[in-house]
Amino acid sequence: MSTTTLAPAVSNPPARVADVWYPLRRSAEAVLVPLAALAGAVGLFSVFLLALGQSPLDFLDLVWRGAFGSWFSVQNTVQRASPLLLTALCVAIPGQLGLVIIGGEAAIVLGGLAATVAALPLIHTAPVIVWAAMAIAGSAMGAFWIGLSGWLRAKLNVNEVIASLVLSYIGLALFNHFVEGVLRDPASLNKPSTYGIGDQNMLDTVPWLDVHPGMPAGIAACIVCWVLIYRTGFGFASRVTGGNIRAAQLQGLPVTKLILTACAIGGGCAGLAGAIEVAAEYGRANASLNAGYGYTGILIAFLARFNPLAVMPMAILLGGLGAAGGLLQRRMGLPDATIQVLQGLIFVSILASDTLYGRFRWFQPRGTA
Amino acid sequence: MTTAIGVEAVGIGKHFGSFHALSDVSLKVRPGSVHGLLGENGAGKSTLVKCLLGYYRTDEGQFIVDGREASIERPADADALGLGMVYQHFTLVPSMTVAENLVMSRQNVPNIVNWRSEIAGLKRFMETMPFKVPLEVQVGSLAAGERQKTEIVKQLYLQRRFLVLDEPTSVLTPPEATEMLGLVRDLAHSGALTIVIITHKLKEVAAFVDEVTVLRRGRMAGSGSVRDLGPADLTAMMIGEPHAPKNPERQGIPSAEARLVVSGLRTAPDAGRKGLSIGSIEVHAREIVGIAGVSGNGQKDLVEVLGGQRPAESGSVTVDGAPYRASRTESLAHDVRVLPEEPLRNGCVPSMTVVDNLNLRGFDVGPGKSHRSWLDRAGMAARARNMIAAYGIRTPSPSAPIGVLSGGNVQRCVLARELDGDVRLLIVANPCFGLDVKAVAETRTRIMAARNAGTAVLLISEDLDEILELADRIVVMHEGQVVHEMPAKGADPQEIGRHMLGQH
Ligand SMILES: Nc1ncnc2c1ncn2[C@@H]1O[C@H](COP(=O)(O)OP(=O)(O)OP(=O)(O)O)[C@@H](O)[C@H]1O
Ligand SMILES: [Mg+2]
């Protein structure tokens, strides 16, 4: 090989065409991949049902009817979805910083408890005052509780998964201790509860729509959080920190402060959910608050890939599954845990679907450079 | 002893979406030769070899390995054929030691590893190597240059018959580079191994390479034997002009004002290596202080301390006389910018877009350095467009994640971001890592222009030529300490080299 070949010099490099549709396709990828994962989970679940000798089609039909088939079932779905919107944010906001907070259950029950305690001395004033006090106390309590996990992480470098899990157990134990102890209404015999906040102070359903009052609050929180994350400096700094902490340090970003703030915001959302549940459903704090909303919120946040807007449809979906649970139990004779099997399958396939990102060429950036 | 194999690529095409990274590229590498793969940043060099190594699937064309058509679908196929590569980005597991990385990279790792005999074997193997790497140190704590050496050692350990080196000498000192390239050339010429080197350094091409293939914008720009081609021909094939731009001119003398003062700085020892112990370093306005040293002698720690990524145990850092802890407020107030080594790992968020990454400095800064709480997305996009144009960044789209850019283009992004606007103190580590000849000259011109305009520059570089060319004053570091200081004018490279090795 001693000959020298010289290709003709490129005289006019082609003009660069920016790929204007790329951001849109990237969003499409973010929607389609979880949907594919959902479909995969439903497929696996069908196999499970067939093994039990049940028809997957009947199952889907019942889920549809139980979740959205009638106005009553829609109300039921919304009622379950409302706290889920807020508990999912408790995972999604710290998730922006790369933290996995799984202690939302404690934030919701302690938030409900704090809200009740704040309401009790005020029950004879105006309902508005009671509600304001409950909202503030509930979110402050949730913010404090999840903030603790953040503080342990930021200051002492304790793994936040472990910290929030342990704090969750402690929180639930504290809750039981108070509800069954000093705060117990002696009249509550079978189900230990605190004193009630009074019927006149209960939140009514949303006028016109007649759905759970937590719905507008949850939707508002999702929108506010989306704006916070994608449109403010705080959100940008959080995403940088979550994406590469070394880059964040190099930019001098206040990582500790960001972690504490994000955890407090997330915990505040979950605490608010507890306050709303007390004011709208139970009128008092008791074990009903401990209904697993905090755990389902983790699933929703992952399904939504921590995007607060995507939390909304996912919360409706999971709320609907929960709402259909009773119907499934009655009609198909399936045990209550069946829904949890489905939830587990969804969770696993969502985690597995992470590997699908970037696999499909169609979603990738294009352009002649 | 292995025997070298030849590789031929015929009509290779590769596109990402509608972006053609390679079109109709052919390449012929003789067994036992050292073949240079050249081209400007983003030309498609890494993409071509990644196709050969099974890391990407080709869309058109085929590879012929050792005379037979080979279908290389995945990295394991390439591995089985004896093809290996040292990637531009590091691939070692940071939390494992060098020895663990080497042993675990073998195909036939036994289920239970007898570490004592493995380490003894590794030590014997290491004796035969031209440069030493510490076997029992965690890879994560090695500096870039040492990691690069480990990557090469790993490939030799795996007994490759065909080895691709993607910009292997970017972080080596010239003597190390010469030694390493000499070694691989001798291995190749002895018929043990065939080498493909991707490089931007024409001196290395002239001294160590037998034949070259040049790519430009994803197409063949030429090929031939190095004996017949002069530097001007190569440059012309690479960038379309026979000469790289001239070196920058130094204007004015350093001012008396010390802008950065580091004194009594100590850091904790880290993973078996000594921490920093720096008596004093001063950088004045309109001055470039070059820190020379063999990689792994504390330069990385120093940049990390100045960039806020590593806490100091004691000592002080002041900028403009005020204590400096690298917070965002302080770096904004004093206009301090830092360009770390390995920019993708240290200075970028790979999953975020090019626009976002170009705005990491300015996303929360409004007019007149006021604090901005809301993102100015239009402004960010406009600023990014300007930087992309000014620094010639090649990206499929401004909203592509920065992780998909070619190595040189990531470097350009970080350079653009850190050099943009007023800079009073600039800390740069290996600024020309991975840049093509033209971009190297441009970058050095920019650093010199900043200096001429009054910026204080601390230049940490493992490329002694770069330091000799740019610096006003040279500081040599060895084992975390400043061991020598001298004006750059008339400095003797031999003497600097001795200090770098700890012979004072
Ligand atoms: N996974 C990918 N998706 C989209 N585009 C890509 C991907 N990988 C590479 N590219 C694009 O292909 C082009 C060629 O990249 P490549 O890494 O091969 O360049 P290179 O010649 O190695 O450059 P450098 O000298 O800077 O390392 C670049 O413009 C890059 O943006
Ligand atoms: Mg490359």
Side-chain angles (χ1 to χ4, degrees), chain A residues 1-14 16-27 98 227-255 257-258 357-358 360-369, chain B residues 15-20 28 30 42 211 216-217 219-225 227-229 233 236-237 240 304 307-309 326-332 338 340 345-353 356-357 359-361 363-364 371-375 377 394-401 404:
Chain A
M1 220 158 99
S2 58
T3 52
T4 301
T5 50
L6 256 177
V10 187
S11 52
N12 242 344
R16 217 178 285 180
V17 185
D19 181 2
V20 282
W21 296 111
Y22 170 64
L24 218 72
R25 288 202 315 278
R26 197 154 114 149
S27 316
V227 170
L228 187 70
I229 287 167
Y230 292 103
R231 292 291 181 270
T232 68
F234 165 77
F236 191 91
S238 303
R239 285 182 288 135
V240 169
T241 310
N244 183 357
I245 184 135
R246 293 183 64 82
Q249 289 168 334
L250 190 76
Q251 298 299 324
L253 296 176
V255 173
K257 198 169 126 196
L258 290 171
Y357 286 89
F360 301 102
R361 214 173 256 165
W362 192 77
F363 297 118
Q364 297 310 305
R366 309 161 182 187
T368 37
Chain B
H15 50 86
F16 299 104
S18 64
F19 173 73
H20 286 262
K28 187 168 180 165
R30 276 190 302 112
E211 281 128 29
R216 186 142 102 248
R217 292 173 187 264
R219 298 177 172 278
M220 296 278 296
S223 62
S225 152
R227 249 178 303 129
D228 310 333
L229 295 167
D233 296 324
M237 281 197 266
E304 284 178 346
Q309 295 177 321
S327 74
R328 198 161 177 84
T329 339
E330 287 167 345
S331 64
L332 184 67
V338 183
R345 189 172 87 90
N346 284 317
C348 292
V349 187
S351 57
M352 289 173 80
T353 66
D356 287 347
N357 273 286
N359 280 286
L360 288 189
R361 280 278 169 215
F363 71 89
D364 59 352
H371 182 77
R372 177 190 280 285
S373 298
W374 293 91
L375 295 182
R377 294 178 6 109
R394 300 234 287 150
T395 169
S397 151
S399 46
V404 308

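Order of the sequence lines fixes the chain letters, A, B, ..., with proteins taken first and strands second; residue numbering starts at 1 for each chain.
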**Prompt:** How would you list, by chain and number, every residue that makes a salt bridge (charged side-chain N to carboxylate O under 4.0 Å, His left out) with R231(A), sequence neighbours excluded?
**Reply:** none
**Item:** Which portion of D356(B) sits near chain A, non-hydrogen atoms under 4.5 angstrom
**Value:** both
**Message:** Between L360(B) and V240(A), is the side chain to side chain contact (heavy atoms under 4.5 Å, CB included) condition met? List the steps.
**Reply:** CA-CA 8 Å; L360(B) 288 189; V240(A) 169; 3.4 Å; yes
**Request:** Kindly give the heavy-atom pair with the smallest separation between G233(A) and F363(B), and that separation in Å.
**Result:** O-CE1, 3.4 Å
**Prompt:** Checking R345(B) against chain A: side chain, backbone, both or neither under 4.5 Å from a heavy atom?
**Reply:** both
**Prompt:** Passes side chain to side chain contact (heavy atoms under 4.5 Å, CB included), W374(B) versus V227(A)? Steps please.
**Reply:** CA-CA 10 Å; W374(B) 293 91; V227(A) 170; 3.4 Å; yes
**Contact summary for V349(B) and G243(A), nearest pair of heavy atoms** = CG1-CA, 3.4 Å
**Asked** Short question: side chain of N244(A), backbone of C348(B) - any donor-acceptor pair under 3.5 Å?
**Response** yes
**Request:** For the pair N346(B) (side chain) and R246(A) (backbone), establish whether a donor and an acceptor sit closer than 3.5 Å, ignoring hydrogens and angles.
**Result:** no
**Message:** Tell me if the CZ atom of R372(B) is crowded by more than 12 foreign heavy atoms within 6.0 Å.
**Reply:** yes
**Item:** Point-to-point distance, once rounded to the nearest 0.5 Å, from CG of L250(A) to CD of Q309(B)
**Value:** 5.0 Å
**Asked** Residues two or more places apart in sequence or in another chain: which of them pass ring pair (Phe, Tyr, Trp, His ring centres under 6.0 Å) with F234(A)?
**Response** none
**Message:** Given heavy-atom pairs under 4.5 angstrom as the criterion, report whether the side chain, backbone, both or neither of E330(B) touches chain A.
**Reply:** neither
**Toward chain B, the part of A248(A) with a non-hydrogen atom under 4.5 Å** = neither
**Contact class of R361(B) relative to chain A, heavy atoms under 4.5 angstrom** = both
**Asked** Stepwise, does the side chain to side chain contact (heavy atoms under 4.5 Å, CB included) test hold for D364(B) with F236(A)?
**Response** CA-CA 9 Å; D364(B) 59 352; F236(A) 191 91; over 6 Å; no
**Prompt:** How far does CZ of R239(A) sit from OG of S351(B), to the nearest 0.5 angstrom?
**Reply:** 9.5 Å
